[in-house]
*Asks:* 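Here it is, the structure, as structure tokens.
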Amino acid sequence: SQILNIALAGNPNAGKTTMFNALTGARQSVGNYPGVTVEKREGQVIVGEKKINIVDLPGTYSLTAYSQEELVARDYLVNERPHAVIDVVDASSLERHLYLGLQFMELGIPMILALNMMDDVRKSGKKIDTEKLSELLDMPVIETVARTGEGKQKLIQEAVRYAEERNGTWKSIKISYGPDLDPVLLDMADLIEKEKFLTDLYPPRWLALKYMEGDVQIKSFGDKAGDIGKKLNQMVEKIQKHCRATLDTSPEAIIADYRYGYIASVTRQGVITSTGQKERII
Ligand code: GDP
Ligand code: MG
Ligand code: K
């Protein structure tokens with residue numbers, strides 16, 4: 001039968017490597033990604049009769065081209081197309097950690113959320129409504145404590161089930177970036193779609209967003225592609241000028257604001273509650 005490839009991703013210190021070790025035990029190997037010094041940790045886990053290949057991706061806060069780690073992580077996802085990504089988050093800083101998760105959702109890769117460090121959450125007196133979060137994000141959400149192995153079995157089983165259900169289908173969510181950026185993003189995505197610019201690897205709207213964020217890797221692909229790159233550059237320059245002149249900001253800053261706004265709109269729907277008392281004591 002087919003071997004499933006599953007990637008572990010998340011912010012640094014979310015507990016990825018601890019979870020990776022808990023899942024794979026001694027069945028692991030360490031290498032490097034081609035051309036860079038970033039460590040590549042791979043391991044195997046058996047679920048029932050199935051063999052699962054797990055990659056522990058470098059920790060990242062975003063999916064930009066600013067750092068080698070972020071480029072390695074996103075290049076791995078788009079080029080190797082693992083069957084699913086498990087986003088390991090520190091559940092005690094859920095909103096901050098979901099910033100990366102939202103970008104996986106925009107990329108469209110099948111995603112499972114591991115709410116790690118649930119021991120810390122319980123101690124703090126905070127409560128997370130996992131079912132509600134799963135419903136709102138439209139993906140499996142599993143509570144874990146990587147340090148003790150709590151939830152690891154459920155996590156990998158659910159990842160396998162979900163990976164098989166999605167069967168390699170990527171579906172990206174489209175969030176609003178407001179009245180200034182949305183129309184331009186639509187125009188750019190239309191152009192990208194029409195010209196089939198990198199659309200075998202990335203969703204058109206995602207590429208448009210990367211252009212607006214000034215992503216050097218995607219821009220260099222466009223520059224090599226000629227006309228489409230020139231047109232996209234012009235569109236970005238125009239919206240940059242508009243943002244500077246009328247709002248004294250940049251498209252990049254607006255994009256970050258709307259991402260945090262989207263995350264807050266999710267977590268405010270009763271996902272995070274606290275029994276105030278305990279929180280005050282701690
Ligand atoms: P990575 O950077 O995402 O690979 O994170 P690590 O696996 O290296 O973990 C970062 C730190 O968090 C380590 O000190 C771990 O022991 C700790 N840690 C990992 N998982 C948990 C957990 O579920 N609960 C608690 N309290 N600590 C954890
Ligand atoms: Mg690690
Ligand atoms: K910790």
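All values below come from the heavy atoms of this structure, side chains included, with hydrogens, waters and symmetry mates left out. Whatever order the structure lists ligands and atoms in, that order sets their numbers, starting from 1.
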*Asks:* Identify whether Leu57 and Tyr99 are in the same connected component of the hydrophobic contact network (ILVMFWY, side-chain heavy atoms under 4.5 Å).
*Replies:* yes
*Asks:* So is there a nitrogen or oxygen of Met118 less than 3.5 Å from a nitrogen or oxygen in ligand 1?
*Replies:*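 No, since none of the N or O atoms of Met118 sits under 3.5 Å from an N or O of ligand 1.
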*Asks:* Is it true that Arg122 and Glu150 make a salt bridge, defined as a side-chain N closer than 4.0 Å to a carboxylate O?
*Replies:*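 Salt bridge: yes.
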*Asks:* Where on Asp120 is there a heavy atom closer than 4.0 Å to ligand 1, on the side chain, on the backbone, on both, or on neither?
*Replies:*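 For Asp120, the contact with ligand 1 is made by the side chain alone.
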*Asks:* Looking at Lys174 and Glu106, does any basic side-chain N land under 4.0 Å from a carboxylate oxygen?
*Replies:* no
*Asks:* Of all the heavy atoms in Gly59, does at least one lie under 4.0 Å from an atom in ligand 1?
*Replies:* no
*Asks:* Decide, yes or no, whether a salt bridge links Arg205 with Asp182 under the criterion of side-chain N to carboxylate O below 4.0 Å.
*Replies:* yes
*Asks:* Could a heavy atom of Ala14 be found less than 4.0 Å from some atom of ligand 1?
*Replies:*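 Heavy atoms of Ala14 do come under 4.0 Å of ligand 1.
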*Asks:* Let's go through Asn5 and Glu80 carefully: what are the C-alpha distance in whole Å and the side-chain angles of both, what is the deciding distance for side-chain hydrogen bond (donor to acceptor under 3.5 Å, both in side chains) to 0.1 Å, and is it a yes or a no?
*Replies:* CA-CA 9 Å; Asn5 290 310; Glu80 303 299 324; over 6 Å; no
*Asks:* Looking at Glu39 and Arg41, does any basic side-chain N land under 4.0 Å from a carboxylate oxygen?
*Replies:* yes
*Asks:* Taking 4.0 angstrom as the limit and counting only heavy atoms of Ala146, give me the atoms of ligand 1 inside it, by number and element.
*Replies:*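 Listed by number with element: 20 (N), 22 (C), 23 (O).
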*Asks:* Heavy atoms only, cut-off 4.0 Å: how does Pro12 contact ligand 1, side chain, backbone, both, or neither?
*Replies:* backbone
*Asks:* Below 4.0 Å from ligand 1: does a non-hydrogen atom of Asn11 turn up there or not?
*Replies:* yes
*Asks:* Give yes or no for whether the N/O distance cutoff of 3.5 Å, strictly under, is met between Val145 and ligand 1.
*Replies:* no
*Asks:* Parallel, tilted or perpendicular: which describes the rings of Tyr33 and Tyr76, with under 30° parallel and over 60° perpendicular?
*Replies:*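 Perpendicular, since the angle between the ring planes exceeds 60°.
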*Asks:* Please tell me if the side chains of Leu191 and Pro204 come closer than 4.5 Å, counting only heavy atoms from C-beta onward.
*Replies:*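 No, their side chains stay 4.5 Å or more apart.
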*Asks:* Taking both backbone and side chain into account, is any N, O or S atom of Thr17 nearer than 2.8 Å to the Mg ion (ligand 2)?
*Replies:*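 Checking Thr17: at least one N, O or S atom is under 2.8 Å.
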*Asks:* Which part of Thr18 is near ligand 1, with near meaning a heavy atom under 4.0 Å away: side chain, backbone, both or neither?
*Replies:* both
*Asks:* Is there a polar contact, in the sense of an N or O pair closer than 3.5 Å, between Asn116 and ligand 1?
*Replies:* yes
